[in-house]
Amino acid sequence: MTLPSRLQRFRQRGGVFVAAQFVLIGLVALRGRKRKSVGILQKAAGLSLMALGGAIVASGGRSLGRNLSALPEPLDGAQLVTTGLYGHIRHPIYSGLLVLGVGWGVLRGSPGALGWTAALATLFHFKASREETALLARFPEYAAYRKRTKRFVPGVV
């Protein structure tokens, strides 16, 4: 497959979302420059949120196993995963990345990092919508799964 055809396939499978995601994650990290002095409680809260977010991302990735892809289109031969964290929320990796971003912003006392995390949350809303459309087309049982689980936060959203 030639490079132009690979790029076209990447774009067709939602690669623009992935590129935007990595840009926004980079902006969260870069805007995490320490803006003001933070106290011990704020540092502890930020570190705790980052640890929680990292654990959520790792657990979600482990649950997906070979199904893991940054693209919103499921891989060829993918199986629908509804166990582990996926038994409670449909997009735990996105949730974990957002918790990490909030934790980083809190740790660093950075409104900029928090703002870019909010932008990332908006992107994840649209990326998740695209992903769910593809999952519904591939897995008829996804409709029932979607009714019983929340998108990002158990019992809330």
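In this chain, residues are counted from 1 in sequence order.
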Value for CG (Leu7) from OG1 (Thr2), rounded to nearest 0.5 Å, stands at 8.5 Å
When rounded to the nearest 0.5 Å, the distance separating CD1 of Ile89 from CZ of Arg151 is 12.0 Å
Residues passing the side-chain contact (heavy atoms from CB on, under 4.5 Å) test with Thr83, sequence neighbours excluded, are Val81
Quiz item: Does Leu120 share a hydrophobic cluster with Val156, counting links as ILVMFWY side-chain heavy atoms below 4.5 Å and allowing steps through other members?
Solution: yes
Cluster membership besides Leu71, Ile/Leu/Val/Met/Phe/Trp/Tyr side chains within less than 4.5 angstrom, sorted by chain and number, is Phe10, Val18, Phe22
Nearest heavy-atom approach of Ser63 to Gly84 is OG-CA, 4.1 Å
One should read off an interatomic distance between Glu131 CD and Thr133 OG1, to the nearest 0.5 angstrom, of 10.0 Å
For residues 101-136, the ring-ring contact (aromatic ring centres under 6.0 Å, His included) pairs (sequence neighbours left out) are Tyr94-Phe124
query: Are Ser95 and Lys150 close enough, and set up right, to give a side chain to side chain contact (heavy atoms under 4.5 Å, CB included), and what steps lead you there?
result: CA-CA 11 Å; Ser95 298; Lys150 297 295 183 179; over 6 Å; no
Closest heavy-atom pair, Gly60 versus Pro92, reported as atoms and distance to 0.1 Å, is CA-CG, 4.3 Å
Margin query: Quick check on the hydrophobic clustering: are Ile25 and Leu114 connected, directly or via other members, by side-chain heavy-atom contacts under 4.5 Å?
Written below: no
Using modelled atom types only, decide if a donor and an acceptor are shared between the side chain of Ser110 and the backbone of Arg31 within a distance under 3.5 Å.
yes
Check the hydrophobic clustering (I, L, V, M, F, W, Y; side-chain heavy atoms under 4.5 Å; chains of links allowed) and say if Val16 and Val23 are grouped together. no
Closest non-hydrogen contact found for Pro111 with Gly109 is CD-O, 3.4 Å
Single-linkage hydrophobic cluster, 4.5 Å side-chain cutoff, Leu30 and Leu24 together: no
Here the pair of heavy atoms bringing Ala113 nearest to Gly105 is CB-CA, 3.8 Å
Across all chains, not counting sequence neighbours, the side-chain hydrogen bond (donor to acceptor under 3.5 Å, both in side chains) partners of Thr149 are none
Sorted by chain and residue number, the side-chain contact (heavy atoms from CB on, under 4.5 Å) partners of Leu47 (sequence neighbours excluded) come out as Leu107
Residue set satisfying side-chain contact (heavy atoms from CB on, under 4.5 Å) with Val57, at least two apart, ordered chain then number -> Ile93, Leu97, Leu100
Residues passing the ring-ring contact (aromatic ring centres under 6.0 Å, His included) test with Tyr86, sequence neighbours excluded, are none
Here the ring-ring contact (aromatic ring centres under 6.0 Å, His included) pairs for residues 131-157, sequence neighbours left out, are His91-Phe152, Tyr142-Tyr145
Notebook entry, point to check: Under 6.0 Å from the CZ atom of Arg66, do we count more than 12 heavy atoms belonging to anything else shown?
Noted result: no
OG (Ser59) and CG (Leu85) are apart, to the nearest 0.5 Å, by 4.0 Å
*asked:* Using side-chain heavy atoms (C-beta onward) and a distance below 4.5 Å, is Val106 in contact with Lys43?
replied: no
Closest non-hydrogen atoms of Leu49 and Val102, given as atom of the first, atom of the second and distance, are CD1-CG1, 4.0 Å
Q. Quick check: does any side chain N or O of Arg138 sit under 3.5 Å from a backbone N or O of Leu75, one acting as donor and the other as acceptor?
A. yes
Residue pairs meeting side chain to side chain donor-acceptor pair (under 3.5 Å), one or both in residues 16-29, sequence neighbours left out, come to Gln21-Lys127
The complete set of salt bridge (Lys or Arg N to Asp or Glu O under 4.0 Å) pairs with one or both residues in residues 73-102, sequence neighbours excluded, reads Arg9-Asp76, Glu73-Arg130, Arg90-Glu132
Sorted by chain and residue number, the side-chain hydrogen bond (donor to acceptor under 3.5 Å, both in side chains) partners of Thr122 (sequence neighbours excluded) come out as none
By ring-ring contact (aromatic ring centres under 6.0 Å, His included), Phe17 pairs with (sequence neighbours left out) none
Taken to the nearest 0.5 Å, the spacing of Leu135 CG from Glu141 CD works out to 10.0 Å
